[in-house]
Amino acid sequence: MRIPLIAANWKMHKTVNEAAEFVHRFAMLAAAGDIETVICPAFVHLAAVGELCRKHGIRLGAQNMFWETAGAFTGEVSPPMLKDLGVDYVIIGHSERREHFAETDQLISRKVKAAFQFDLVPILCVGETLQQRQANKAMDVIAEQVSTALSGLDPSRVRRTVIAYEPVWAIGSGLAATGSDAGAAGERIRTTIGEMFSLKVARDVRILYGGSVNAENIQDFLRETEIDGALVGGASLDADSFARLVNSAQKAVVV
Ligand code: 13P
């Protein structure tokens, strides 16, 4: 049984006061029920937001990390530092990091391994560009990203991984993928993991869709058998809008 998960990726937004106000208001409005909710604020707000999240049963996520434990790596944040602040999840390999910070599949793989070493659950992001989709390469790109990032991992760890399928063209564009596009990508991701590890492992991995998700379209994604939740950018920045989204998702997961 995979627990549905909706995660807010705030990216580089919000002051600490705005972040705190958000958590209070969201907790008041959202009836998450069976859904696990996660907030991923900027590093500098993890401590403050984490304290509030714990009071409301919301999980805490970081948006990135380095793979080394400690050392002369100016500006970087290590896995034990995140663990120390009560972080549960860490987004790894977001397309914005691949694009603006030159993150490769190999580098992402090191981060995924480091996350597991410190008992952090990676939310591994994969997804094709518009050009790759138009060239009919979307599924191969996704499979390659998944297999490189997860290679060499212990199956008992892989089964805890969360994978976010985020087509680059759908991020921040208002042009979400269709439910069935997301479902097809989810199926390919699960097949890839099944071939690398086992069907049992593949069945446990949670797969999210991300890219212009909002309260109106969230149910289209959750209806897909292979999609277990969403990674939300823009619509997670406003407490009312994110609560509407979670409440709408809640209706779709009730059986
Ligand atoms: P949007 O929801 O703003 O499209 O962003 C998606 C995203 O990048 C989440 O990680």
Side-chain angles (χ1 to χ4, degrees), residues 3-14 19 22 35-47 49-50 53 58-67 75-83 85-127 142 145-146 148-150 153 157-158 160-168 170-172 182 185-186 189 205-213 221 227-237 242 245:
I3 298 169
L5 188 158
I6 308 259
N9 175 8
W10 283 353
K11 308 190 180 182
M12 199 173 69
H13 290 284
K14 294 194 188 295
F22 177 107
I35 297 173
E36 192 177 342
T37 50
V38 182
I39 294 179
C40 307
F43 284 137
V44 288
H45 302 328
L46 281 169
V49 171
C53 282
I58 302 165
R59 305 287 219 105
L60 185 65
Q63 298 176 16
N64 178 37
M65 61 167 211
F66 193 47
W67 58 75
E76 290 298 315
V77 173
S78 75
M81 288 173 184
L82 297 182
K83 198 67 204 167
L85 291 179
V87 169
D88 308 292
Y89 291 93
V90 55
I91 298 173
I92 291 181
H94 191 282
S95 67
E96 287 149 17
R97 298 217 50 93
R98 292 176 190 256
E99 186 188 342
H100 305 300
F101 303 95
E103 293 204 358
T104 61
D105 287 331
Q106 285 71 23
L107 182 152
I108 288 161
S109 163
R110 294 182 77 167
K111 292 189 175 186
V112 171
K113 283 194 183 79
F116 278 125
Q117 262 161 24
F118 288 89
D119 198 30
L120 293 159
V121 175
I123 301 179
L124 167 67
C125 298
V126 300
I142 298 165
Q145 289 173 338
V146 168
T148 310
L150 300 183
L153 279 176
R157 290 183 160 168
V158 175
R160 300 184 57 220
T161 312
V162 177
I163 300 193
Y165 167 58
E166 297 206 311
V168 179
I171 295 176
I189 291 167
V205 170
R206 285 184 290 177
I207 301 175
L208 315 181
Y209 167 75
S212 300
V213 177
F221 300 108
I227 302 294
D228 307 301
L231 181 56
V232 186
S236 77
L237 290 176
F242 192 52
L245 191 157

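Computed from a predicted model, the values in this text were never measured in an experiment.
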- Message: Checking Leu107 against Trp67 for the side chain to side chain contact (heavy atoms under 4.5 Å, CB included) test, could you report, in this order, the C-alpha distance in whole Å, the side-chain angles of both residues, the deciding distance, and whether it holds?
- Response: CA-CA 9 Å; Leu107 182 152; Trp67 58 75; 3.4 Å; yes
Would you indicate whether the side-chain heavy atoms of [Y] and [X] approach each other to under 4.5 Å?
| X | Y | result |
| --- | --- | --- |
| Asn64 | Phe43 | yes |
| Leu5 | Arg59 | no |
| Ile142 | Ile189 | yes |
| Gln145 | Arg98 | yes |
| Leu60 | Pro41 | yes |

- Mind checking whether Phe22 and Phe242 have parallel, tilted or perpendicular rings, split at 30° and 60°?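 Geometry flag for Phe242 against Phe22: tilted rings.
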Closest heavy-atom pair and its distance - [X], [Y]:
| X | Y | answer |
| --- | --- | --- |
| Val87 | Ala62 | CG1-N, 3.9 Å |
| Leu124 | Val112 | CD1-CG2, 4.2 Å |
| Val213 | Ala230 | CG1-CB, 4.1 Å |
| Val49 | Ala19 | CG2-CB, 3.7 Å |
| Gly186 | Ile227 | CA-CD1, 4.4 Å |

Do the side chain of [X] and the main chain of [Y] share a donor and acceptor less than 3.5 angstrom apart?
| X | Y | value |
| --- | --- | --- |
| Gln63 | Cys40 | yes |
| Asp228 | Ile207 | yes |
| Ser212 | Ala170 | yes |
| Trp10 | Ser236 | yes |
| Lys11 | Gly234 | no |
| Lys111 | Met65 | yes |
| Arg97 | Ile92 | no |

- Under the side chain to side chain contact (heavy atoms under 4.5 Å, CB included) rule, what do Leu82 and Phe118 come out as? Steps first, then yes or no, please. CA-CA 9 Å; Leu82 297 182; Phe118 288 89; over 6 Å; no
